[in-house]
Structures are given as structure tokens and as C-alpha cells.
Protein chains: 2
Amino acid sequence: MAENDKQTEEKIFESATEVFVEKGMDGARMQDIANHAGINKALLHYYYRTKDHLFNAVFEKIAKKMFAKFAPVFDANLTLEDKIRFFYKEHITFLQNNPRLPAFLLNEINRNPARIRKLIQNIDIENLWRMLEEQHKDELNKYNITRESIPQLMSSIAALSVFPFAARGILEGILEKLGISFDDYMEERKEFAADFVIRAIKK
Amino acid sequence: MAENDKQTEEKIFESATEVFVEKGMDGARMQDIANHAGINKALLHYYYRTKDHLFNAVFEKIAKKMFAKFAPVFDANLTLEDKIRFFYKEHITFLQNNPRLPAFLLNEINRNPARIRKLIQNIDIENLWRMLEEQHKDELNKYNITRESIPQLMSSIAALSVFPFAARGILEGILEKLGISFDDYMEERKEFAADFVIRAIKK
DNA sequence: TTTATTTTTGACCAGTTGGTTAAACTATAT
DNA sequence: ATATAGTTTAACCAACTGGTCAAAAATAAA
């Protein structure tokens with residue numbers, strides 16, 4: 001019964017995602033995932049042979065979902081500054097809805113760097129730079145952006161939105177003492193980060 | 001024999017640090033730590049009653065070491081811009097020598113946010129702001145820094161140096177395709193991050 | 001040397017974990 | 001209805017894990 005199949009398999013996948021994201025690969029228990037899905041533990045192994053298989057399926061989906069959020073920026077028909085503003089609005093909103101993803105991904109990537117390599121291989125940065133150069137060739141001379149500085153710039157842009165979520169546990173503690181909620185801080189950040197980057201790259 | 005005591009206890013602590021940082025609390029095995037220290041597993045429990053005790057000791061020491069690196073910036077007798085340059089030089093050099101610390105700390109903080117709260121409570125941010133205001137009262141009007149934007153600014157500054165290490169697994173993969181080594185990227189970053197921040201805060 | 005104290009060890013244990021298996025159940029096809 | 005194939009379960013297992021304990025070894029005190 002393909003219908004029920006999908007239901008069960010999906011239920012397993014969703015439960016696994018929740019448990020893995022919260023506890024990490026090492027901390028997650030197959031029994032937890034089974035309970036969470038309301039099924040027998042053996043059924044997990046029926047659909048996904050091992051814990052590793054299940055984890056890899058979950059990890060790959062999440063990683064792709066995360067990377068996909070960076071893509072739209074490059075084909076949007078906007079000025080460079082508006083692209084930056086657009087990116088932070090979109091990306092931070094996405095992370096607000098999936099606040100545990102950064103910490104999960106960073107941790108698992110660190111635990112097994114090889115796993116992410118396959119996904120990275122599909123990214124063509126040279127081409128990315130060419131697109132950027134073409135789309136903004138007339139306004140690019142107003143900014144401190146060169147082909148050489150792209151890695152530094154890109155990682156800085158990502159850092160400003162990803163880091164606060166990855167470091168939420170500390171940040172929340174500090175903000176609390178100042179009477180600021182993490183949500184307010186993050187909402188404010190959409191604009192702050194964009195302004196920050198724009199000023200930093202302006203000649 | 002207090003002499004030998006210290007030796008053994010220290011050897012355990014160092015081994016535990018290495019294993020915990022590499023594998024995390026969940027991934028670390030007491031047997032691994034014992035092997036690493038060249039002693040019997042029961043001896044771990046003799047000095048540190050449980051895995052939790054041992055982990056907490058390790059975690060607290062590392063967290064304090066990490067936070068301590070932020071402090072010198074506030075009492076150095078330098079202009080604001082030089083303080084920023086000084087910070088990145090010092091902080092990134094420290095992380096170059098302890099490249100796994102960011103991922104470890106972020107992960108464990110995320111796994112148990114309560115643990116870090118105690119350490120944060122000692123930080124007086126209001127006082128920090130007062131110091132900054134006093135030390136740089138004549139040059140502060142040249143920058144876009146207000147009491148309200150301090151959390152956004154501070155977290156941004158930290159993000160630029162910490163994030164690349166936390167995301168090393170991804171970053172290294174991307175840099176590799178461009179023929180850049182992580183070490184070169186990180187060395188370059190000491191200056192890039194400082195310039196980036198300084199331009200971003202300048203009026 | 002003898003005694004008392006501390007440090008270190010090997011053997012062991014109970015609980016947990018990922019994974020297996022044979023049987024029961026369900027749905028589809030003949 | 002009955003055989004067939006796919007789905008789900010309860011019971012089970014071997015390996016592993018943190019932790020214990022009594023005895024041995026090493027050190028200090030008498």
C-alpha cells in the first residue's frame with residue numbers, strides 16, 4: 001500500500017529530523033525516534049536500514065534546504081544593496097522558523113567533514129563571481145569587492161546571520177540581562193546586518 | 001603523594017579535554033579518555049566521580065579561557081580602531097591554536113544552555129559600555145555606536161572571527177576549490193575582519 | 001620493619017543501544 | 001475465498017557504556 005507507505009516513511013523521516021536536530025547524531029536514540037513517530041522501533045530499520053542511513057537522509061535534506069536559501073540572491077533582479085537587504089530578510093526569517101538548524105549543521109559537519117564535501121562540490125564559485133560581475137558591472141566599482149576578497153566577504157555575510165543562532169545559548173543569556181528578547185534582537189538584526197555589510201563594502 | 005597526584009589528575013584532565021573537544025560529551029567514551037591518559041578507567045572515577053563531573057570541569061575551564069580572550073580589549077590603552085585590530089589579531093591567533101574550541105563550545109552550549117548561564121552572570125555589560133564610553137568619549141562621535149546597538153555590534157564582531165572556525169568543515173571545502181588554504185584565509189582574515197568592522201561603524 | 005593510607009588495577013555488573021528475527025497482521029491480486 | 005506480497009510488531013540479542021568493588025601495589029607514617 002503505497003499510500004500508507006509514504007505516510008509511515010514520512011512520519012519516520014519527520015520524527016527523525018526533530019530528534020536528530022535536537023539531540024544530534026550521538027545523542028539521538030532510535031527508540032526516541034520510534035516513540036516520537038508512534039511506531040515500533042523495528043519499523044525504523046525496515047524503512048531505513050541503519051541509524052546511519054536514517055541520519056544521512058535527514059542530514060542531506062537539511063543541508064540542501066539550508067544552501068538553497070543562499071541561491072535566490074544571485075538571480076534576483078535587484079541592486080547589490082537591495083540584494084543584501086533581501087538576503088538577510090529572507091535568510092533570518094528562515095532561521096527564525098528553524099532556529100536549531102545552524103547549531104545542528106555546524107556540529108555534524110564538524111563531527112564528519114567528509115559528509116558535506118559531496119554537497120559542496122556542486123557549488124561553482126567561479127561562476128557565481130562571473131554572475132555577480134555581470135549583473136552589477138556598472139555599480140561594482142562603487143564597492144570594495146574583488147574576486148580575491150569574495151571568500152572573505154561571503155563568509156562574513158553568512159556569519160552575521162548564522163552565528164547568532166548557533167550561539168543562541170550564550171547570546172540569549174547576555175541579552176536577557178539587558179532586557180532584550182532574542183526574538184527582538186533577531187528581528188532588529190535583519191536591518192542591522194544589511195546596513196553593517198553595505199557600509200563595510202562601500203568605498 | 002601530592003606530586004604524583006597532580007600528575008595523574010592533570011593527565012586525566014588533559015586527555016579528557018582532548019577527547020571531549022573532539023567527540024563532544026555524547027560522543028566521548030570514558031574508556032577512550034582512560035586509554036588516552038594511559039590509565040585504568042576506574043581511575044577516572046576515582047578523581048572525577050562521574051562523566052558529568054569530568055565534563056563539567058573541562059567545559060568550565062575552556063569556556064573561561066574563551067571569554068578571557070575578549071577581556072584585554074577593554075583595558076588596552078589604544079584608539080578604538082586599534083583595539084579592533086588588536087582584538088582580531090589576538091583572538092584569531094588564539095583560535096588558530098585551538099581551532100576546535102568554537103564548534104565544541106557552541107555545540108555543548110546548545111545541548112545544555114543552562115550550563116553557560118552561570119558564567120555569563122559575571123559579565124557586566126552596562127559597565128562595559130560605561131568603560132567604552134569613558135575611554136573613547138572624544139572619538140565615539142565619529143562612529144555609529146550607541147548604547148542600544150552594542151549587542152548587535154558585539155555579536156557581529158565575535159561572529160566574524162568565531163564563525164569561520166565553527167564552520168570550518170564547509171569553508172575548507174569551498175576554499176579548496178579556489179586553491180586557498182584555510183590557514184591562509186584565516187591569516188588574511190585578521191586584517192579583513194578588522195577593516196570590515198571599522199568601515200561598518202564609521203559614520 | 002610494620003602499620004596505615006592513598007593510588008591503581010582487573011574483573012565485574014546492570015542498564016542501554018542499535019539491530020535482528022520469526023511471527024502476526026493487512027492489503028492486493030487471482 | 002485463498003494465495004501472495006508487503007507492513008508492523010513483540011521478543012530477543014550481542015556489544016557497549018558508565019560505573020562499582022575488592023584486592024593489589026605504592027607511598028607515607030609509626
Side-chain angles (χ1 to χ4, degrees), chain A residues 1-62 104 107-108 110-112 114-115, chain B residues 1-62 104 107-108 110-112 114-115:
Chain A
M1 197 220 237
E3 186 65 20
N4 209 335
D5 243 38
K6 262 277 151 57
Q7 273 181 15
T8 308
E9 196 169 346
E10 233 164 69
K11 205 164 53 184
I12 290 175
F13 190 85
E14 281 166 26
S15 299
T17 301
E18 275 190 57
V19 175
F20 275 133
V21 167
E22 197 187 333
K23 308 261 188 172
M25 164 67 171
D26 287 333
R29 299 287 158 243
M30 293 297 266
Q31 190 61 58
D32 275 3
I33 296 171
N35 292 344
H36 203 282
I39 54 153
N40 190 285
K41 180 168 65 99
L43 205 51
L44 294 182
H45 294 282
Y46 179 75
Y47 284 99
Y48 300 85
R49 215 162 330 166
T50 64
K51 188 186 183 184
D52 258 315
H53 278 72
L54 181 52
F55 178 81
N56 283 335
V58 168
F59 178 83
E60 194 165 320
K61 176 126 182 211
I62 289 180
F104 168 75
N107 179 40
E108 296 301 336
N110 188 264
R111 211 177 54 85
N112 183 356
R115 196 174 5 231
Chain B
M1 198 223 235
E3 187 66 21
N4 211 334
D5 244 36
K6 261 278 152 53
Q7 271 180 13
T8 308
E9 195 168 347
E10 234 164 69
K11 206 164 49 183
I12 290 175
F13 190 86
E14 280 166 26
S15 300
T17 301
E18 275 190 56
V19 176
F20 276 133
V21 167
E22 198 187 333
K23 308 260 188 175
M25 163 69 170
D26 287 334
R29 300 284 159 246
M30 293 298 267
Q31 188 61 59
D32 276 3
I33 296 171
N35 291 345
H36 203 282
I39 54 152
N40 189 285
K41 183 167 64 98
L43 205 53
L44 294 182
H45 291 94
Y46 178 75
Y47 283 100
Y48 300 85
R49 215 162 330 166
T50 64
K51 189 185 182 185
D52 260 314
H53 278 72
L54 181 51
F55 178 81
N56 284 334
V58 168
F59 178 84
E60 193 165 322
K61 177 128 183 210
I62 289 180
F104 168 76
N107 179 40
E108 296 301 338
N110 188 265
R111 210 177 56 82
N112 185 354
R115 196 175 1 233

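Throughout, a chain's letter reflects where its sequence line sits, starting with A, and its residues are numbered from 1.
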- Message: In whole Å, I'd like the distance from the CD atom of Q31(A) to the C1' atom of dC12(D).
- Response: 14 Å

- Task: Measure the distance from OH on Y47(B) to P on dT7(C) and round it to the nearest whole Å.
- Result: 5 Å

- Spacing of D26(B) atom CG relative to dT17(D) atom P, expressed in whole Å: 13 Å

- Query: Reckon A28(A) touches a base, only the sugar-phosphate, or nothing at all at heavy-atom distances under 4.0 Å?
  - Reply: sugar-phosphate

- Atom pair distance, as rounded to whole Å: CG in L43(A) and C1' in dT9(D): 9 Å

- Task: Give a yes/no answer on whether the side chain of T8(B) brings an N or O atom under 4.0 Å of OP1 or OP2 in dT8(C).
- Result: yes

- Measure from OH on Y48(A) to C1' on dT7(D) and round the result to the nearest Å. 15 Å

Validation: residues 20-28 of chain B side-chain donor-acceptor distances under 3.5 Å, sequence neighbours left out:
none

- Between H45(B) (NE2) and dC12(C) (P), how many Å, whole number? 19 Å

- Message: What's the closest nucleotide to the side chain of Y46(A) if the choices are dG6(D), dG18(D), dG19(C)?
- Response: dG6(D)

- Where do V58(B) and A16(B) come nearest, in terms of heavy atoms and distance? CG2-CB, 3.9 Å

- Query: Going by atom types only, do Q31(A) and N35(A) share a side-chain donor-acceptor pair under 3.5 Å?
  - Reply: yes

- Task: Would you indicate what I39(B) reaches in the nucleic acid, counting non-hydrogen atoms under 4.0 angstrom: base, sugar-phosphate, or nothing?
- Result: sugar-phosphate

- Message: In whole Å, I'd like the distance from the NZ atom of K11(B) to the C1' atom of dT7(C).
- Response: 12 Å

- Message: Side chain of A42(B), heavy atoms from C-beta onward: which of dG18(C), dG10(C), dA10(D) has the nearest atom to it?
- Response: dG10(C)

- Message: Can you identify which nucleotide, out of dG19(C), dT8(C), dG18(D), has its nearest atom closest to the K41(B) side chain?
- Response: dG18(D)

- Grab the two heavy atoms, one from I12(B) and one from I33(B), that are nearest each other, plus how far apart they are. O-CG2, 4.3 Å

- Message: How many whole angstroms separate atom CG of L54(B) from atom C1' of dT17(D)?
- Response: 15 Å

- Task: May I have the step-by-step check of salt bridge (charged side-chain N to carboxylate O under 4.0 Å, His left out) for R111(B) and E108(B), ending in yes or no?
- Result: CA-CA 5 Å; R111(B) 210 177 56 82; E108(B) 296 301 338; 2.7 Å; yes

- Task: Would you mind telling me which of dG18(C), dG19(D), dT8(D) lies closest to the side-chain atoms of M30(A)?
- Result: dG18(C)

- Query: Of N40(A) and R29(A), whose closest DNA chain C nucleotide lies nearer the 5' terminus?
  - Reply: R29(A)

